[in-house]
Amino acid sequence: MSSPIQDPKIIQIGFIVRDLEATKQQVARFLDVPVPPTVSSGEYEVTQTVYRGEPAPLAQCHMAFFDFGGLQVEFIEPNEAPSVWRDHLRRHGEGVHHIAFGVKGINKAIERCEQWGMTLEQKGEYRRGNGRYAYLNALEDLKIFVELLESDE
């Protein structure tokens with residue numbers, strides 16, 4: 001079966017952390033770059049988060065992003081509510097969580113990934129509802145989550 005990803009360029013690597021503020025300070029210091037702002041995942045009215053097929057209005061996180069040309073590095077601190085982020089922290093501790101790819105037509109991309117054997121674990125909207133994300137479990141074959149990102153901008 002051919003790749004479910006039409007453009008195989010990795011645009012983001014995501015890490016799960018316990019303490020976002022301390023982590024982003026250390027990363028910025030190590031790289032000698034400015035400390036990025038902390039952003040919230042947003043309110044459920046916008047995010048419409050679905051976790052394992054069920055609405056997840058309490059699943060939220062705080063994030064910080066470091067941009068390096070065409071690659072973004074994301075650090076995520078989840079809240080206590082059930083989510084793919086909280087699951088990862090509980091099961092694996094801190095560390096690499098996902099690689100992300102930009103897509104057009106996220107529903108079709110999810111379908112192709114599912115046909116490849118991945119399972120959709122969480123999805124939702126971001127920004128002001130003008131972008132969508134989907135986390136697909138590819139741990140068995142790829143040893144990581146795959147995130148699909150679609151932006152209307």
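Basis for what follows: all heavy atoms, side chains included, without hydrogens, waters or symmetry-related copies.
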Hey, does [Y] have a side-chain heavy atom less than 4.5 Å from the side chain of [X]?
X	Y	answer
T49	S83	no
W116	S3	no
D87	Y51	yes
L89	E94	yes
F101	D7	no

With a 4.5 Å cut-off on side-chain heavy-atom distances among I, L, V, M, F, W and Y, is there a chain of contacts connecting [X] to [Y]?
X	Y	answer
M63	V84	yes
V35	F66	no
I13	M118	yes
I99	L149	no
V96	L148	yes

Minimal non-hydrogen separation, [X] against [Y], with atom names:
X	Y	result
I76	P78	O-CD, 3.6 Å
L20	A64	CD1-CB, 3.9 Å
P36	F65	CB-O, 3.3 Å

Does [X] reach the main-chain N or O of [Y] with its side chain, forming a donor-acceptor pair under 3.5 Å?
X	Y	result
K24	F75	no
E150	G105	yes
Q48	Y44	yes
K143	A138	no
N79	L58	yes

Does either side chain, that of [X] or that of [Y], offer a donor lying less than 3.5 Å from an acceptor on the other one?
X	Y	answer
S40	Q60	no
R29	Q26	yes
H97	E147	no
Q122	Y133	yes

Test E77 against E21 for side chain to side chain contact (heavy atoms under 4.5 Å, CB included), laying out the working first. CA-CA 9 Å; E77 179 185 330; E21 295 305 314; 5.7 Å; no
Calculate, to the nearest 0.5 Å, the distance between atoms [atom1] and [atom2] belonging to [X] and [Y] respectively.
X	Y	atom1	atom2	result
L120	N107	CG	CG	9.5 Å
D152	K104	CG	NZ	7.0 Å
E125	E45	CD	CD	13.0 Å
H62	S41	NE2	OG	7.0 Å
K123	L136	NZ	CG	10.5 Å
Y135	I110	OH	CD1	13.0 Å

In terms of heavy-atom contacts, does CZ of F30 have more than 12 from other residues, nucleotides or ligands at under 6.0 Å?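 Atom CZ in F30 is not crowded, with 12 or fewer foreign heavy atoms closer than 6.0 Å.
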Inspect the surroundings of NZ in K9 and state if more than 12 heavy atoms from other residues, nucleotides or ligands are less than 6.0 Å away.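 Counting neighbours around NZ of K9, 12 or fewer heavy atoms of other residues, nucleotides or ligands fall under 6.0 Å, so no.
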L31 and F68: CA distance, side-chain angles, deciding distance, side chain to side chain contact (heavy atoms under 4.5 Å, CB included) verdict: CA-CA 11 Å; L31 298 173; F68 302 100; 3.4 Å; yes
Working note: R52 + E121, criterion salt bridge (Lys or Arg N to Asp or Glu O under 4.0 Å); need CA distance, chi angles, decisive distance, verdict. CA-CA 5 Å; R52 295 189 174 167; E121 297 283 323; 3.0 Å; yes
Using the ring centroid of each side chain, check whether F145 and H88 are separated by less than 6.0 Å.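 Ring centres of H88 and F145 not closer than 6.0 Å.
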